[in-house]
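Worksheet: one structure, shown below.
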Amino acid sequence: MNHYGKHFVAVIGGSVAGSEAAWLLAEKGYRVVVFDQKMLPYGKIEDGLPKWHIGLRDKEEAAIDQRLMHPNIRFVPGFTLGKDATIDELLNEWGFSVIIVAIGAWQDRKIPVEGIEKFYNKGVIKQNDLVYWFNHKHEPNYNGPQYKIVNNPGIVGGGLASLDMVKIVMIELLQEGLRKHKGVEVDIFTIEKKGVAKILAEHDTTLEELDIVPCTLFYRRNAEDMPLYPRKDGSPEAIEQARRVSKKLLENYMKKFLFHFEPRSVPKKLIVENDQFKGMTFQRVEIVDGKLVDIPGETYDFRTELLISSIGSLPKETPSLPIEGNMLKTYGEFGCRVEGYDKVFAVGNVVTGRGNILESRQHGRMITDKIIEEHLEGDLSGNDPMGEKYEELFRNIEQDAIKKVDNIEATLAQEPPHSNEEIDFILRKTKELQERVGFDGNYAEWVKKHKPVRLEDLLRQH
Ligand SMILES: Cc1cc2nc3c(=O)[nH]c(=O)nc-3n(C[C@H](O)[C@H](O)[C@H](O)COP(=O)(O)OP(=O)(O)OC[C@H]3O[C@@H](n4cnc5c(N)ncnc54)[C@H](O)[C@@H]3O)c2cc1C
């Protein structure tokens with residue numbers, strides 16, 4: 001065995017970033033253990049990407065599987081960093097040469113309004129929780145939180161993911177309205193593709209007739225400021241084009257999904273009556289030199305029983321990781337090393353997920369002109385540019401991992417190789433963890449056994 005095989009690397013989190021980093025190192029001959037808290041290593045693909053993106057989900061998950069089936073990679077499901085072991089334990093007691101943290105960003109950024117935590121799941125739903133429920137609620141063994149989408153919900157946000165929240169809410173309201181008033185069942189894939197307006201027309205009805213009060217999206221800036229379309233570069237023309245397309249995309253989504261939009265609105269104060277959540281007071285702002293400035297005396301109340309918070313995801317507090325104010329503290333080139341350690345690196349959303357979805361700067365523009373034109377021209381039933389935008393973000397996350405692997409390798413080169421006893425120790429410990437969850441090491445079989453029941457398959461059976 002060459003000296004590569006005498007180094008063991010731990011990767012925490014096996015999704016887009018973790019699997020890419022693991023595969024690159026495995027290809028170079030290093031041994032890698034990929035730990036994931038879940039039974040399957042699909043992260044945001046499975047639990048964050050709304051379930052109507054069937055093709056994209058399957059493609060990304062297959063790519064992760066392909067990488068993790070590398071013979072130099074050992075997958076350990078059901079291991080939570082901070083609970084089952086800390087970074088210090090993995091380094092000092094288990095003896096890993098290097099640790100790569102790829103745990104993503106799963107903590108919803110808090111709307112900065114006093115007392116809001118008290119109403120989580122009692123009127124206020126966090127985006128990550130809502131999508132998890134939406135994606136999995138059809139599974140026969142689903143036992144997570146249950147939500148009911150009621151009329152007139154508010155959504156606070158402004159990025160790609162907040163438009164997904166709009167779609168989820170409008171799909172749920174329409175399904176319920178059609179069921180109740182027309183006795184018809186329309187599946188989510190059809191509604192998402194055709195849009196609410198077209199489905200209503202097909203059933204010769206209206207939102208009012210179905211007793212539906214649509215949702216309102218509240219954004220702190222204007223429609224053209226939404227990060228829905230990447231800038232080609234920093235030129236004034238490219239900035240203007242991105243603004244124009246973002247505005248047009250939002251207008252088209254409004255026509256298709258029939259929701260309301262309130263620009264320049266910042267949450268200011270909860271409306272609470274008898275200890276119950278009853279809505280939000282918003283402050284109207286203006287934009288001066290790019291900054292938000294309150295307009296004195298211009299506040300308004302939005303009364304609702306359901307507010308969805310969709311203002312971005314940050315890394316979760318994890319024991320032994322220096323997460324401060326919900327930011328992972330890193331240093332070195334590309335923000336690569338985790339502060340306090342010289343052999344711990346961070347890749348993927350745990351470092352890149354800063355609030356709202358970042359605009360792509362590294363990977364160019366992947367959304368094709370054709371699809372954008374279709375949307376601008378008003379063909380609202382064609383392909384959805386959101387799928388392409390997500391795909392682009394996944395590729396960026398991979399690029400982040402690729403960029404960092406050279407630094408990681410340089411560190412590995414300076415580490416003394418493991419002895420056979422040290423290798424055996426890691427193999428034994430990780431085998432014990434695999435056995436704890438009943439995993440015999442056959443990755444392909446494991447995936448087959450644990451893949452959730454898919455809604456599209458259930459619909460096909462009926
Ligand atoms: C709804 C949505 C929103 C997005 N938002 C952004 C954004 O804001 N910014 C951006 O750049 N890109 C964003 N993206 C795109 C981005 O490419 C994906 O989020 C991508 O999946 C991130 O990959 P990752 O591997 O870093 O993290 P994830 O896909 O989140 O994977 C993290 C993995 O780590 C595991 N894990 C977490 N904690 C632990 C622990 N303590 N112990 C062990 N395992 C753990 C998880 O189970 C998971 O498998 C978004 C994508 C979607 C679908």
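As the structure is a computational prediction, the values presented were derived from the model and not from experiment. As the structure lists them, so they are numbered: ligands from 1, and atoms in each ligand from 1.
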Is any NZ, NE, NH1 or NH2 atom of the basic residue among K38 and E46 found under 4.0 Å from an Asp or Glu carboxylate oxygen of the other?
no
Report the relative orientation of the aromatic rings in Y30 and H7; use parallel for angles under 30°, tilted for 30 to 60°, perpendicular for over 60°.
tilted
Heavy-atom contacts under 4.0 Å between I397 and ligand 1: side chain, backbone, both, or neither?
side chain
Answer with side chain, backbone, both or neither: which part of A102 has a heavy atom less than 4.0 angstrom from an atom of ligand 1?
backbone
Are D84 and K429 ion-paired here, with the side-chain N under 4.0 Å from a carboxylate O?
no
Quick note on ligand 1: atoms under 4.0 Å from a heavy atom of G13 include exactly 33 (C), 34 (O), 35 (C)
Salt-bridge criterion met for E391 and R57 (N-O under 4.0 Å)
no
Would you mind checking if E251 and K247 are paired as a salt bridge, meaning a charged N to carboxylate O distance below 4.0 Å?
yes
Look at the aromatic rings of W94 and F79 and report parallel, tilted or perpendicular, splitting at 30° and 60°.
perpendicular
Consider every N or O of G43 and every N or O of ligand 1, then say whether any pair is closer than 3.5 Å.
yes
For G348, the ligand 1 atoms whose distance to one of its heavy atoms is below 4.0 Å:
26 (O)
Taking both backbone and side-chain atoms of T80, is any N or O found less than 3.5 Å from an N or O belonging to ligand 1?
no
Would you mind telling me which of V11, V344, V33 makes a side chain to side chain contact (heavy atoms under 4.5 Å, CB included) with I99?
V344
Closest heavy-atom approach to atom 27 (O) of ligand 1 among G104, A161, G48, G78 is made by G104
Is it the side chain, the backbone, both or neither of I12 that has a heavy atom closer than 4.0 Å to ligand 1?
side chain
If you measure from atom 28 (P) of ligand 1 to every heavy atom of K44, E46, E392, E317, which option wins on shortest distance?
K44
Using a plain distance cutoff, I'd like to know if Q37 has any nitrogen or oxygen under 3.5 Å from a nitrogen or oxygen of ligand 1.
yes
Salt bridge (Lys or Arg N to Asp or Glu O under 4.0 Å) partner of R67, the single match among E27, E61, E398
E398
Among side-chain atoms of H138 and K51, is any donor-acceptor pair under 3.5 angstrom?
yes
Taking only heavy atoms of S15, which atoms of ligand 1 are found under 4.0 Å from at least one of them?
25 (O), 28 (P), 29 (O), 31 (O), 49 (O)
Have a look at ligand 1 and work out which part of F79, if any, has a heavy atom under 4.0 Å from it: side chain, backbone, both or neither.
backbone
Considering only heavy atoms of K38, which atoms of ligand 1 have at least one such atom less than 4.0 Å away?
47 (O)
Do any nitrogen or oxygen atoms of Q127 lie less than 3.5 angstrom from nitrogen or oxygen atoms of ligand 1?
no
Given F35, Y390, W106, which has its nearest heavy atom closest to atom 52 (C) of ligand 1?
Y390
Ring centers of F134, W52 separated by less than 6.0 Å:
yes
